[in-house]
Structures are given as C-alpha cells and as structure tokens.
Participant: 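After the structure tokens below, expect a handful of questions from me.
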There are 2 protein chains.
Amino acid sequence: MTITQLHYVLAVAEYKNFTKAAEKIFVTQPTLSMQVQKLEEELGVKIFDRSKKPILLTQVGENIVQQAKNIVNESNRIQDIVDQQKGFIGGEFKLGIIPTIMPTLLPMFLRNFINKYPKVNLKIEEMTTQAMINALRDGHIDAAIAATPLDEDDIFEKPLYYEPFVGFIPQSHKLFKKKKIMPDDLDPDELLLLEDGHCFKDNVLNICKSNKLLQNDHFNLESGSFETLIKLSNEGMGMTLLPYLHTMDLSEKNQENLRMFEEPSPAREVSLIHHKSELKMQIIEKLHEVISGVVRGAIAFQNIKIISPKPN
Amino acid sequence: MTITQLHYVLAVAEYKNFTKAAEKIFVTQPTLSMQVQKLEEELGVKIFDRSKKPILLTQVGENIVQQAKNIVNESNRIQDIVDQQKGFIGGEFKLGIIPTIMPTLLPMFLRNFINKYPKVNLKIEEMTTQAMINALRDGHIDAAIAATPLDEDDIFEKPLYYEPFVGFIPQSHKLFKKKKIMPDDLDPDELLLLEDGHCFKDNVLNICKSNKLLQNDHFNLESGSFETLIKLSNEGMGMTLLPYLHTMDLSEKNQENLRMFEEPSPAREVSLIHHKSELKMQIIEKLHEVISGVVRGAIAFQNIKIISPKPN
DNA sequence: ACAAAACTATAAGATAAACTTATTTAATTT
DNA sequence: AAATTAAATAAGTTTATCTTATAGTTTTGT
C-alpha cells in the first residue's frame, strides 16, 4: 500500500470514473486501473463495484475511502510541519468566499495579503456556504469565509469580525423619517433580502420567508447584486438590509437612505472557517491576522447583536 | 513520500542507529540511508542530526516522527477495516500482561481463546504497567492486561473483572482468629506486599510505603513470587494480601490461612487496555469477550470496593 | 436488436524507483 | 594515532510504476 495508491482510489471514488479521474490527476487510465487493482489484491477486497456504471463503491470500499482520506490528510500534514518549522508561508492556498462577502471584503485585504506573503499562491473562489462545507471536507479548498456559526462539528470557525446590518430605506417608506431603527420595526413581508439562508434569530425576527420568496421567484440574486436590491428598493419594492461594509461604497444619494439600528445593532458574524484536519494552519493564521486587522479599521462598533445564519 | 519511508524514519528514530534499525526491519543499511535521505531531500529538512553519536532527532525531526507515527497507524488501520468486513479474526497480536496477573489469568483463557480464534497468532509478554503504556504508545504491543484505572488519556480501558483481595494470615498473627477482616484491621507497617504500585486508596489505607520498602530493599519480587510472599508470611514476617484468583491455587494447608474481607471487599479492577488509535479492535473485542466470560465463572462476588493502583 | 460510443482491463515495453553488495568517508574509542 | 564503529556513496540488479497500444465490456442511441 502506498500513499499514491490511496490518492488514486480517492480520485476514482470522487469521479466514479477511471478515465476522468486519470485525467484529473495527470496519469493514464491504465495506471489507475492497475494500481487500484494492485491495492485491491493486496487487501483482498474489491474497493469498487465496476459492474454498474457509473462505478459504485463497495461497502468496504466506503470505509477504505474514508480511511484513505485520513491517511492522505495526515500525510499532507508533514509538509505543513516542515513549512511551519522553516517559517515558510507559501504554496497554493484555495479560499472560498460567499457571494455577499466577496465584493466588499476581498478588495480590502487582497493586496495587503499578497504583498505580505508573496509566496502564497492564493486561489479564490466564490461559492455558497453549503458548497464550502463540502469542499472543506473533501479538501478542495483550504479555508473559506462565511457567516457563522454553522454548527458543523468538523469545521472550525475563527471569527473575523462582526458586521452590523444597516437599513436601506426608500423615501416613500414610513421608517424613512426615523433616525435610528429597531428590529421590531421590520416587517418581514415587505423586506427585500439577498443573503441565502441568513435569518435573524427567532427572538429578533424571522425573515427567512421573504428571503426564500425572492430566491425561488424570478430572481436568484448573486454576487454584486446588492445594487439590484437597492434599485428595487428605490422603486418602492420595500426597504432592505445591507451589511455595513457594503454601505461604504454607496453613492452619496443612496447614503441618505441608510438608517442604523439602535444599539445593540443586529450583526452577522463573519469567520474564517477551516476543516478540523488543520492543514496549512500557518497560512490560515496569517490570513486571519491580515483580514481581521484590516477590518478592525473599518468597523468600530461596540454594541452588536449577533445573528445566526440559519433558522432554528 | 511513501509509507515505507516513514517506516524507515520511525525505525531509525527508535534505534538511533541506522545499522541496528536496518537489521530490525530486514533491509540493508544503505537502503535506510538512501531512503531517509531521499525523504529529507523531498521535504527540504534534515530529520536526523548525524553529527553526534548516537544520532539525534532534529527539532523538525521530532515533529515529523510524531506525525509519521500517526500516518503509519492510520495506514495499518486499512487492513483492519478489511478484516472487520470479512469477519476475519487473525494475524499477529501482541499482548502484554503484568506479572501479578499473568500466572493465574493466562491459563484460564489461553486455551479457550486459541481454540476459538486459531488464526490469531498470540504473542504474550510479561511487562510492568509503565512498560505497557509505552509499548502501547509505540505500537510494540496491541493490547495489555493491567490493574486500572491508569488515568492515561491516550489509553482506553475495558474492565475485565473486579478481583477481591484476600488476607493471608499466619497462625501467629492476631487476626488469625477472626472469620472476616476489615480494611481498618490492616497495619501498613507489617503488611507484606508484592504488587508494584498497587495501593489502597486514601480512604481505605495507603500501603504504598510498606510496598516500596519491600521493593527497594533486597527483594524485587516478580512473577510467580506470591509463593515467596506466602513463605515469608508463614515465617512470621507478617500478614499479606493476595488477589482472589491466586488463592484458588493454594495448598489446603495454606487455604486455612485465608481470610476474606467483610463486604464490600476491597478489590482491584483488572482491564484490557489499548491505545486510542484502536488498531485491531476486532481481536481486542473478542479477547475481552473470552476473558471476561471465563472469569465471570470464577469470581461471583457482588459487594466489592474498587481500589486504585496508584496513590493519589 | 445492433451499431456506435464510452469505459475498463490487459499486454508489452520503457522508465524510474528501490534494493543489495562492495567500498569509502567520517566520527568515536582506545 | 591506530583501531573501531557507523553512515554515506557507487555501481549494478531487481522490482515497481508508468505509458502506448489493444482487447474486452457495458451502455447508449437509433
């Protein structure tokens, strides 16, 4: 049994197809076939059931794949140990970011980070929270930025900052005249919302319903579309909520529609999340350091009420 | 990086000597030299400091060895998974047993176990509790039988049975006339004891002192030497305590000197212990099953007071 | 149902990796 | 300083791994 063979098994298990897996890991298909067979022979069991297409994992196969993931993870950790010792911060690092955080946060820290750690080859991908969790588990990404808490017990969360929500209220709206708004002022049925799955906790307000309506309808608002939300709002579709960092980019005219909450302001917790396997921790720590440092300058609220991303 | 290379590193780390390590793992010394060098080159660090003799681990080396142990353990687990699936109970299994349990317990279960699981190649070694803990950590043994609790957080304990202590009281002794004895009757200063490190808990009696005296003096009583203890006792050196199972082998004459404790009788907890890495769990479970089944027949006490092996 | 397409397995030869024996070099003892 | 002990290097052999080419399967589409 070699680590290479385990890699091969994982690739086949992932793509359920020898040919595709072979392409992805840059070997020929016979290499995969033979090495997987060799391992199967050594262990004395079939890992894959090739009689059906797409290929299936046998029962033992499932367990073997699970364990193979552990072994491969643990073996990746050795280079980590070496890097850490050398104080080397570098190599490829894949970071996932949810759409509603991407456009505001990325410009704030990216230049800073790549200047400070030029040897890190950052690859950033926009993805949903659920896709992130899966990608972290599979090792497809090394870390991600999302609204937390997620309550996934194999995902660790390192909070980056607490970002207050700010009301965006059109002139026609009855709340426009108020200087500060309160959670109780919000009417879920006329609130325009973007963030997938982000809900106030029960005791504040549950706005998932309106959220879902928007998403399942014509709109499926994605990255950068807070602009859309603002336009809809200005056209009398109702008020909306924006994360604080996003409000800093608004035109002067739009700024006039902003209304802060009475303190403690509802806020979302934004965290750097990673898998419990703790691979590439050095980079994760530096990333956390840079981002929270940069954001600390932009957000200086004290009185904040954290909001959970999921209804419960 | 291959699993083989990690094995080689572990061997060298263990014997601090390439030549010896090479012998132990049945390869030639140049093979070790070259493969270790190759891994060092791949990682870009020296794992061993060869400038001194015996060889030292570098700082990174220490960490690498630690991680290598994890990886090797996890990779051994794959065959385990396969065996489990097949319902196969077999292969080499190394079991450590402490000297004071060995002679009485081993004959009780050994034949039974090897008949039931003939494919298991049991290798039994007598060793002290501390040696066991180290051997379990290093993977030199797969499981062990010892008095518990040990309070080692990487060692799991599966209690096998609770074995009462029985007083062995020479005719000359003042307690000889009593039918049953009580913990308070015992005088630590005149109690002959054998078991290394086994002490009544504070609230019963702390007999470690007398124990240590015996050990550090001329005697270092080892396996099978309860006989010696009994002879010493019969010659007026004082009373002693014997574990219940041992008393079953005594001559009729010696049986007359036995005095049970008033219930609840003090007892020692004897457990099958293994490392948290949970390798060869199938065999461990079967072993536990067989031993506790066999002993259940021999010990049928209800009222027992468990005694801790260590003073605290 | 039959041909085409899509996959996987096998064969054979090329490449590369790992291992052994023999020898050299370096460090430690005496 | 010589003898001893242990690790590194060199050279050649064996073994393992990979690729190209090809033969079998299973699935898909008409």
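In what follows, every chain begins at residue 1, and chains take the letters A, B, ... in the order their sequences are listed.
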Participant: Going by number, which of residues 12-30 of chain B have a non-hydrogen atom under 4.0 Å from DNA chain D?
Facilitator: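 By residue number: B/N17, B/F18, B/T19, B/Q29, B/P30.
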
Participant: In chain order, what residues pass the side chain to side chain contact (heavy atoms under 4.5 Å, CB included) check against B/S271, with sequence neighbours excluded?
Facilitator: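 Once residues adjacent in sequence are excluded, the partners of B/S271 under the side chain to side chain contact (heavy atoms under 4.5 Å, CB included) criterion are B/T148, B/E157, B/P159, B/E269, B/I273.
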
Participant: With sequence neighbours left out, what residues match A/N73 under side chain to side chain donor-acceptor pair (under 3.5 Å)?
Facilitator: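 Residues passing side chain to side chain donor-acceptor pair (under 3.5 Å) with A/N73: none at all.
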
Participant: A/F113: which residues meet the ring pair (Phe, Tyr, Trp, His ring centres under 6.0 Å) condition with it, sequence neighbours left out?
Facilitator: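 Counting only residues at least two positions away or on another chain, A/F113 forms a ring pair (Phe, Tyr, Trp, His ring centres under 6.0 Å) with A/Y117.
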
Participant: Quick one: side chain to side chain contact (heavy atoms under 4.5 Å, CB included) partners of B/E285, sequence neighbours excluded?
Facilitator: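 Once residues adjacent in sequence are excluded, the partners of B/E285 under the side chain to side chain contact (heavy atoms under 4.5 Å, CB included) criterion are B/K158, B/M281.
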
Participant: For B/Q35 and D/dA16, give me the distance from atom CD to atom P, rounded to whole Å.
Facilitator: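 Roughly 14 Å, once rounded to whole Å.
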
Participant: According to salt bridge (Lys or Arg N to Asp or Glu O under 4.0 Å), who are the partners of B/R137, at least two apart in sequence or on a separate chain?
Facilitator: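 B/R137: salt bridge (Lys or Arg N to Asp or Glu O under 4.0 Å) contacts with B/E152, B/D154.
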
Participant: With no hydrogens and no angle check, do the side chains of B/T31 and B/Q35 hold a donor and an acceptor under 3.5 Å apart?
Facilitator: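 There is no such pair (donor and acceptor under 3.5 Å, judged by atom type) between the side chains of B/T31 and B/Q35.
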
Participant: Give every pair of a protein N or O atom and an N or O atom of nucleotides 11-13 of chain D that lie under 3.5 Å apart, one pair per line with the distance.
Facilitator:
none

Participant: Rounding to an integer number of Å, can you tell me how far B/Y8 OH sits from D/dA8 P?
Facilitator: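 Between P of D/dA8 and OH of B/Y8: 15 Å.
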
Participant: Is there a side-chain contact between B/Q37 and the phosphate of D/dT9, meaning an N or O under 4.0 Å from OP1 or OP2?
Facilitator: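 Answer yes for this pair, as a side-chain N or O of B/Q37 is under 4.0 Å from OP1 or OP2.
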
Participant: Does B/Q282 have any side chain to side chain contact (heavy atoms under 4.5 Å, CB included) partners at least two apart in sequence or in another chain, and if so, which?
Facilitator: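 B/D80, B/D83, B/Q84, B/I89.
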
Participant: Quick one: side chain to side chain donor-acceptor pair (under 3.5 Å) partners of B/H7, sequence neighbours excluded?
Facilitator: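 With sequence neighbours excluded, B/H7 shows a side chain to side chain donor-acceptor pair (under 3.5 Å) to no residue whatsoever.
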
Participant: Under 3.5 Å, which donor-acceptor pairs do the side chains of residues 39-47 of chain A form with other protein atoms, sequence neighbours left out?
Facilitator:
residue, atom, partner, partner atom, Å
A/E40, OE1, A/R50, NH1, 3.2
A/E40, OE1, A/R50, NH2, 3.1
A/E40, OE2, A/I47, N, 2.7
A/E40, OE2, A/F48, N, 3.2
A/E40, OE2, A/R50, NH1, 3.1
A/E42, OE1, A/M1, N, 2.7
A/E42, OE2, A/M1, N, 2.9

Participant: Hey, is the side chain of B/S33 poking within less than 4.0 Å of OP1 or OP2 on D/dA8, counting only N and O atoms?
Facilitator: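 It does, given that an N or O in the side chain of B/S33 lies less than 4.0 Å from OP1 or OP2 of D/dA8.
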
Participant: Hey, can you pull the residues of residues 42-64 of chain B with a non-hydrogen atom under 4.0 angstrom from DNA chain D?
Facilitator: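 Those residues are B/R50, B/K53, B/I55.
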
Participant: Going by side chain to side chain donor-acceptor pair (under 3.5 Å), name the residues that satisfy it together with B/T4, two or more places apart in sequence or in a different chain.
Facilitator: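 Side chain to side chain donor-acceptor pair (under 3.5 Å) check on B/T4 returns nothing, list empty.
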
